[in-house]
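One-based numbering, in listed order, for ligands and for the atoms of each. Position 1 is the first residue of the sequence; numbering continues from there.
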Amino acid sequence: MFSEKFLSGQTAIITGGGTGIGLAIALKFGELGANVVIASRNQKHLDEALKELDAKKIPALAVVTDVRDPEQVEALMVKTEGKFGSIDILVNNAAGNFTCLAENLSVNGWNTVINIVLNGTFYCSRAAGQRMIKQKRGKILNIVATYAWTGGPGTIHSACAKAGVITMTQTLAVEWATHNIRVNAIAPGATETSGAGKQLWASPETRTKIEGSIPLGRFASPEEIANVAAFLVSDIADYITGETLVVDGGSWLNKGKF
Ligand code: HXC
C-alpha cells in the first residue's frame, strides 16, 4: 500500500505487539522503516513475533511487560531509549477481554480488564508522553472498539474501559497538541485474530451472526487495521488529532448486511 519508508529513523512501541493486530502493526511499521519495540506479558508470544520481525530484517526489541504495572511500563521506556535512543510512536494495543454478564462478573474480573485497558493505556501514555514532551514530538495511537459508544452487552468491563480510552485520546490530544504530539485512536470491528476469536466468537454460530451484522460481509484482516495505523502516524495525517477512526466494514451503522 505504501511505497516510501516514511517511518525511517522512528521508533515505535507497540503494546500487545506479540500477536494479532499488535503484531500486524509492528510488521507494517517495520516495513515502513521504523524500529519496533514489542511488549507483551507472554515471552512465548514475543519470541515467535521476534522471529517474524527478524525474518524481515526489521530492527526490533521485545520486552516482557505487564502494562498494569507502572514500574514495568517505565522499564519498557528505559529499555527502548537504551536500544534505539528515543520513543517517537506509542501504540496502546494491549487488551484483555472475555464475555461475562455483568451480574456474574467478579470484582477481580472487572478490575483485571479495567487495569489492562484503561489504566495500562494511561500508564504507557504518561510514561511515553513525558519523553515526547521533552523532545517536542510524538504520536500516540490507541486501539479501542465501537462498543465504547454503543455499549457492549457481555463485555461491560471492556466497553467501559474503551470508552475511557476514547476520552483519554481526546483529552491528551488537546493537552499535548502544544508539544507537537498527536493522539488518535482506531476502533476496529471484528478482526481475524486468534486472541479475540477465542474470547468473543468461539462458536461458529456466533461468528456467522457477527458476519451478518457487517455490511462488507467479512471480518477485517489485521493488516487492514495496520494500514490505517500507518496512515494515522504518518505525516499525511499531520492535522488529525483527537480522532477515533472506525474501521469496521460499516458495522457501526447498525444496518447489517443489505
Ligand atoms: C468470567 C473470568 C473469565 C471468564 C477470567 N475471569 N476469565 N470471569 N468469565 N471467561 C475472571 C477470573 O475468574 C478472575 O476473577 C479475573 O477475571 C482475572 O482472571 P485471571 O485469569 O487471573 O487474569 P489474567 O491471567 O490476568 O488474564 C487476563 C484476562 C485474560 C483478561 C482474564 O483473558 C487475558 O489475559 N486476555 C489477554 C488476551 C485477550 O483477552 N485478548 C482479547 C482482546 S480482544 P476471580 O474473581 O475469579 O479472581 C478485544 C477486542 C474487542 O478486546 C473488540 C471486539 C469487537
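For Thr169, the side-chain hydrogen bond (donor to acceptor under 3.5 Å, both in side chains) partners at least two apart in sequence or on another chain are Asn142.
For the pair Val67 and Tyr123, the tightest heavy-atom approach, listed with the atom from each and the gap, is O-CD1, 3.2 Å.
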Check: every ligand 1 N/O to protein N/O pair under 3.5 Å:
unit_1	atom_1	unit_2	atom_2	d
ligand 1	15 (O)	Ser106	OG	3.2
ligand 1	26 (O)	Arg41	NH1	3.4
ligand 1	26 (O)	Arg68	NH1	3.0
ligand 1	26 (O)	Arg68	NH2	3.1
ligand 1	35 (O)	Arg41	NH2	2.6
ligand 1	40 (O)	Asn97	N	2.9
ligand 1	40 (O)	Asn97	O	3.3
ligand 1	46 (O)	Ser106	OG	2.6
ligand 1	48 (O)	Asn108	ND2	2.8
ligand 1	52 (O)	Asn97	ND2	3.1

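At least one donor-acceptor pair closer than 3.5 Å links the side chain of Asp88 to the backbone N or O of Thr11. Using a distance-only test at 3.5 Å, with no hydrogens or angles considered, no donor-acceptor pair links the side chain of Arg218 to the main chain of Glu211.
Among pairs with a residue in residues 63-80, those fulfilling side-chain hydrogen bond (donor to acceptor under 3.5 Å, both in side chains) read Asp66-Arg68, Asp69-Gln72, Glu74-Arg131, at least two apart in sequence or across chains. Applying the side-chain hydrogen bond (donor to acceptor under 3.5 Å, both in side chains) definition to pairs two or more places apart or across chains, none involves residues 239-253.
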